[in-house]
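Here the structure is laid out as structure tokens; the discussion comes afterwards.
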Amino acid sequence: MKLSTGFTLSALLFSAVTLTACDKSTPTYPGAVKTTDDQSAVVPVADSAVPVAISDANINNDVTTALLRDDDLKNFEITVVSTKGDVRLTGELDSQNQINQAILIAEGVIGVKTVNDELTIKR
């Protein structure tokens, strides 16, 4: 059975649009999907033998989200900058315990290789 050219082109266009829509940015929490980006961290995922590339934008977003979810830290302005999985935290907090908590939270995000602490205590 021969398909018309219009039907074939429509099917190809639908497939391209559908696949493009699937390429949404995803969080880097456990179970996250692969992303490709020039500035990404490659980390092994526990249930996969294949390393997963995680973009710095995703890492920034996930660290910021995790910090905002913490009741002790959500009211502080903590700046997060990630470069190939190396995260830098800057801002002013009330205590060393809060700084330690922010570092632990950042280290727990998938894709974070190191955390550079530039957090200070308010005077």
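Below, all heavy atoms of this structure are taken into account, side chains as well, without hydrogens, waters or symmetry copies. If you read the sequence from its start, that first residue is 1, and numbering goes on from there.
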Step-by-step side-chain contact (heavy atoms from CB on, under 4.5 Å) determination, D72 to Q101: CA-CA 9 Å; D72 293 333; Q101 183 65 18; 5.7 Å; no
Please determine whether side-chain contact (heavy atoms from CB on, under 4.5 Å) holds for the pair L93 and L73, giving the CA-CA distance in whole Å, both sets of side-chain angles, and the decisive distance to 0.1 Å. CA-CA 8 Å; L93 303 178; L73 301 174; 4.2 Å; yes
With side chain to side chain donor-acceptor pair (under 3.5 Å) as the test, would you mind laying out the steps for Q96 and N100 before giving the verdict? CA-CA 6 Å; Q96 185 62 48; N100 295 343; 2.9 Å; yes
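The shortest heavy-atom contact between D86 and K113 is OD1-CB, 3.7 Å. The heavy-atom pair separating V87 from V80 by the smallest distance is CG1-CG1, 3.8 Å. Across every non-hydrogen atom of A66 and I105, the tightest pair is CB-CG2, 3.5 Å. Minimum heavy-atom separation, V112 to A106: CG2-O, 3.3 Å. Taking every heavy atom of both residues into account, S82 and N60 meet most closely at N-OD1, 2.8 Å.
At a threshold of 4.5 Å between non-hydrogen side-chain atoms, the residues I78 and V63 do not count as touching. The side-chain heavy atoms of L67 and F76, taken from C-beta on, include no pair separated by under 4.5 Å. Annotation: side chain of I121 is in contact with side chain of I99 (closest heavy-atom distance under 4.5 Å).
The 12-atom threshold is not exceeded at CD of E77, counting heavy atoms of other residues, nucleotides or ligands nearer than 6.0 Å.
The hydrophobic clustering, which links ILVMFWY residues whose side-chain heavy atoms are closer than 4.5 Å, places V81 and L89 apart.
Taken to the nearest 0.5 Å, the CZ atom of R88 stands 12.0 Å off from the CG atom of D117. Note that the CD1 atom of I110 and the CG atom of N58 stand 11.5 Å from one another [nearest 0.5 Å].
Evaluation of the salt bridge (Lys or Arg N to Asp or Glu O under 4.0 Å) rule for K74 yields D71 as partners, not counting sequence neighbours.
Side-chain atoms of D56 come within 3.5 Å of backbone atoms of G85 as a donor-acceptor pair (strictly under, hydrogens ignored).
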